Number of protein chains: 2
Amino acid sequence: MQRVSLKFLARELGIAEGTVSRALNDYPDISEATRLRVKEAAEHYGYKANQTARRLATGVAEAVAYLMPANTNALSEPFVSQLLEGLAQSLAKRGWDLLVVQAASIEEEAETIAKLSSSGKVSGVVISRPYKQDSRIDLLRKYKMPFIVHGRSVFHDDYAWYDVDSQSAFMDAVDHLVSLGHQKIGFVGAPTYYHFAQMRLDGYRDGLKHNGLGFNENLVEIAELSDDAGERAGGSLLRSQTPPTAIICATDTQAIGVLAAIRSQGLEPGKDVSVIGYDGLAFGKHTSPPLTTMAQPLAHSGRQIGDMLLAIIDGGNPVDYQELRSAKLVRRMSDGPVRPENKTLHEEE
Amino acid sequence: MQRVSLKFLARELGIAEGTVSRALNDYPDISEATRLRVKEAAEHYGYKANQTARRLATGVAEAVAYLMPANTNALSEPFVSQLLEGLAQSLAKRGWDLLVVQAASIEEEAETIAKLSSSGKVSGVVISRPYKQDSRIDLLRKYKMPFIVHGRSVFHDDYAWYDVDSQSAFMDAVDHLVSLGHQKIGFVGAPTYYHFAQMRLDGYRDGLKHNGLGFNENLVEIAELSDDAGERAGGSLLRSQTPPTAIICATDTQAIGVLAAIRSQGLEPGKDVSVIGYDGLAFGKHTSPPLTTMAQPLAHSGRQIGDMLLAIIDGGNPVDYQELRSAKLVRRMSDGPVRPENKTLHEEE
DNA sequence: CTTGATTCCGAAAGCGCTTTCGGAATAGCG
DNA sequence: CGCTATTCCGAAAGCGCTTTCGGAATCAAG
């Protein structure tokens with residue numbers, strides 16, 4: 001397959017292998033004349049350096065890995081592909097590769113990282129959705145493997161990360177709802193071993209306090225990151241003693257489920273009960289009603305994360321690469337003023 | 001980083017490097033005793049073979065690449081991540097890697113493949129959404145690089161592919177609509193340089209003919225693979241002289257746009273105008289109304305494709321790895337019997 | 001012309017692993 | 001007990017590239 005090697009080129013040109021290599025890599029100790037000659041020949045024969053050999057010789061992998069979240073589910077995946085696309089683009093500028101690695105289970109994530117680190121396959125890794133304290137981060141640190149995390153764990157002072165300030169986003173969401181007259185605001189959260197879930201819950205609480213509202217345990221439900229789980233959580237919120245007039249959700253995916261729950265109670269989302277999601281996923285435009293959401297700048301985050309990681313691999317101090325973006329409210333149709341008569345399930349019954 | 005090398009282990013055990021290597025790789029000419037001794041030591045020191053060196057020595061890359069479709073757009077991406085996840089799982093069983101490569105543009109895809117092939121980075125590649133005649137396929141063939149395509153080009157006899165019979169799926173969709181009394185059935189297609197687009201259009205025509213219906217050029221619109229494009233196409237269909245009472249779309253993403261177009265004409269999707277999509281994407285459950293669609297078995301296709309590719313790399317004949325699955329109708333709420341009075345835009349005006 | 005500084009290239013030593021080859025040690029057989 | 005067949009391991013040659021080092025050729029300066 002790989003017919004044209006360095007050796008071949010060298011023989012063809014009648015010069016030494018090392019010379020060809022240096023010419024190709026623009027070493028200063030090669031005359032302009034032979035450099036040109038070599039490059040032309042390379043072009044002519046379609047020479048492409050064998051990456052593997054190159055890597056072994058230089059010791060740099062020229063590749064980074066993306067650790068796929070172990071338990072992904074269909075609806076939340078636009079997240080993954082968008083990130084991947086951006087990452088790939090960023091790396092492509094240098095001709096580096098993107099490895100996608102998937103641990104079979106959460107338990108095996110440690111092993112996966114260990115293997116990744118010592119096998120020399122990659123020179124950096126990016127992980128998503130960290131837990132409050134994430135053993136993956138500890139491991140990466142231990143192996144001195146350059147990395148960046150998409151999100152933050154509780155202690156995030158000494159590594160690189162790119163995150164969106166969802167805590168204040170959720171405060172904003174509460175503010176918005178209160179300005180529409182809502183007082184009983186429910187919350188569908190995510191499992192709080194995810195740090196982002198904790199932060200969003202905190203934001204919700206902060207927002208409540210900021211508006212002089214009390215925190216009511218009965219108004220919050222924790223659900224997995226799926227539409228179905230969101231629907232169940234939304235349903236139990238609506239069936240409670242004091243059903244909320246508005247519900248904020250930790251993710252758009254869950255919010256869509258909540259929308260369904262509201263409808264199945266014979267209520268109208270956006271009128272009888274407002275709901276606000278988080279993520280800003282594109283398909284929220286097409287739900288019924290279109291989902292109001294806190295949109296995070298997912299657009300170029302992949303590219304950004306890639307660039308940051310590259311900078312760290314180049315020797316940058318991870319601490320200098322911490323970036324906090326903010327989300328902003330995108331109003332569609334699922335939020336509205338509280339009903340004067342405060343129509344709720346109770347009146348339905 | 002890579003502290004424990006073969007050399008280190010060898011010295012530690014007082015035996016030759018080659019012996020250690022053979023012991024680790026279960027060569028038959030190593031005594032059970034030393035094999036055990038070596039493996040224990042490897043375990044103890046946490047030895048992980050340097051992949052790069054291994055690859056160089058063996059000549060096998062132990063990795064395959066997935067060529068990202070050049071122009072992906074947010075809504076269609078569950079497709080990509082699901083595939084990736086399955087692929088990664090399949091490869092992980094052997095400890096192989098998944099490379100995600102993204103060509104900067106369609107023009108550069110050829111260059112990307114050339115580089116991929118001769119750089120020895122991967123031992124196989126998978127591509128998606130082939131064009132009618134796809135130069136990527138020709139190139140891969142030329143370089144004798146094992147590959148499998150997700151979809152089919154026009155001439156697909158001599159390579160491996162995994163596809164869903166969307167042609168007959170679209171016939172079925174027409175049949176279904178006709179059985180509901182529809183006679184004027186519109187079609188929102190995709191650009192026909194994609195072979196899948198052509199096949200779906202053909203299926204639509206076949207269905208028409210099969211039901212004794214004539215093909216009317218004014219009833220078909222070609223649109224890009226996005227919701228917005230679908231909306232535009234749907235709108236122009238509805239505003240035509242003889243608006244359809246039902247619309248079939250090449251993809252769910254477009255169908256969602258069509259739903260919006262129908263609503264914006266003051267019509268009710270599923271009542272006034274039926275629409276059927278294709279793909280079976282999960283979020284179709286949450287559109288308004290929930291989207292009726294031809295669902296393809298996307299679930300384990302990634303894994304399946306991975307397994308097939310691996311078999312080919314192992315020396316299997318590509319021709320033996322061609323798999324055609326079928327899609328089936330998932331009725332949700334966007335289809336229904338034709339309105340007796342055949343209410344259309346004309347009456348609205 | 002010499003001499004010392006430059007310029008440019010060839011030779012060779014790896015990178016960390018695999019794999020072939022041959023030979024020492026052991027086993028099997030008459 | 002001698003001889004051939006086995007078993008097991010050490011030594012060494014790569015895989016295709018990079019990079020250091022030294023020396024031949026060329027140059028400028030004395």
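Just so it is clear, the model here is predicted, and its values are computed rather than measured.
Between B:A16 and A:R22, the one whose closest nucleotide on DNA chain D sits nearer the 5' end is B:A16.
Taking atom CD1 of residue A:I30 and atom C1' of nucleotide D:dT18, one finds them 13 Å apart after rounding to whole Å. Note: NZ (B:K7) to P (D:dA12) measures 15 Å, nearest angstrom. Nucleotide D:dT6 holds its P atom 22 Å from the OH atom of B:Y27, rounded to whole Å. In this structure, the CG atom of A:D29 is 11 Å from the C1' atom of C:dG10, given to the nearest Å. Note: CZ (B:R37) to P (D:dC8) measures 14 Å, nearest angstrom. B:D26 has its CG atom 12 Å from the P atom of C:dT18, to the nearest Å. Taking atom CD of residue B:E17 and atom C1' of nucleotide C:dC15, one finds them 12 Å apart after rounding to whole Å. In this entry the distance linking NZ of B:K121 with P of D:dC17 reads 14 Å, nearest Å.
Listed pair B:N25 / C:dT18 meets the phosphate criterion, a side-chain N or O lying under 4.0 Å from OP1 or OP2. For D:dC9, the OP1/OP2 oxygens have a side-chain nitrogen or oxygen of B:T34 closer than 4.0 Å. For the OP1/OP2 pair of D:dT18 and a distance below 4.0 Å, the side-chain nitrogens and oxygens of A:T58 include no atom meeting the criterion. Phosphate proximity of C:dC9 to A:S31: present, with a side-chain N or O under 4.0 Å from OP1 or OP2. Within the structure, a side-chain polar atom (N or O) of B:T19 is placed less than 4.0 Å from OP1 or OP2 of D:dG10. Taking only side-chain nitrogens and oxygens, B:S21 never comes nearer than 4.0 Å to OP1 or OP2 of C:dC17.
The pair B:R54-B:E62 meets the salt-bridge criterion, with a side-chain N (NZ, NE, NH1 or NH2) lying under 4.0 Å from an Asp/Glu carboxylate O. Taking 4.0 Å as the cut-off between side-chain N and carboxylate O, B:K7 and B:E17 do not count as a salt-bridged pair. Using a cutoff of 4.0 Å between basic side-chain nitrogens and carboxylate oxygens, A:R94 and A:D314 are scored as salt-bridged.
For an aromatic pair to be called close, the ring centres must be under 6.0 Å apart, and A:Y47 with A:Y45 fails this.
Every side-chain hydrogen bond (donor to acceptor under 3.5 Å, both in side chains) that B:D163 has, sequence neighbours left out, goes to B:R152. Among residues two or more places apart in sequence or in another chain, the side chain to side chain contact (heavy atoms under 4.5 Å, CB included) test is passed with B:A311 by B:Y321.
For B:I15, the side-chain atoms get nearest to D:dG10 when compared with the rest of D:dG10, D:dC9, C:dG16. Nearest to the side chain of B:L56, among C:dT18, C:dG16, D:dT18, sits C:dG16. For A:A53, the side-chain atoms get nearest to D:dC17 when compared with the rest of C:dC9, D:dC17, C:dC17. For A:Y47, counting side-chain heavy atoms from C-beta on, the closest listed nucleotide (C:dC8, C:dC17, D:dC17) is D:dC17. Comparing C:dT18, C:dC9, D:dG16 by their nearest atom to the side chain of A:A57 picks out D:dG16.
At a cut-off of 3.5 angstrom, counting only N and O atoms as typed in the model, there is no donor on one side facing an acceptor on the other between the side-chain of B:N50 and the base of C:dC15.
Within 4.0 Å of A:G59, counting heavy atoms only, lies no atom of the nucleic acid at all.
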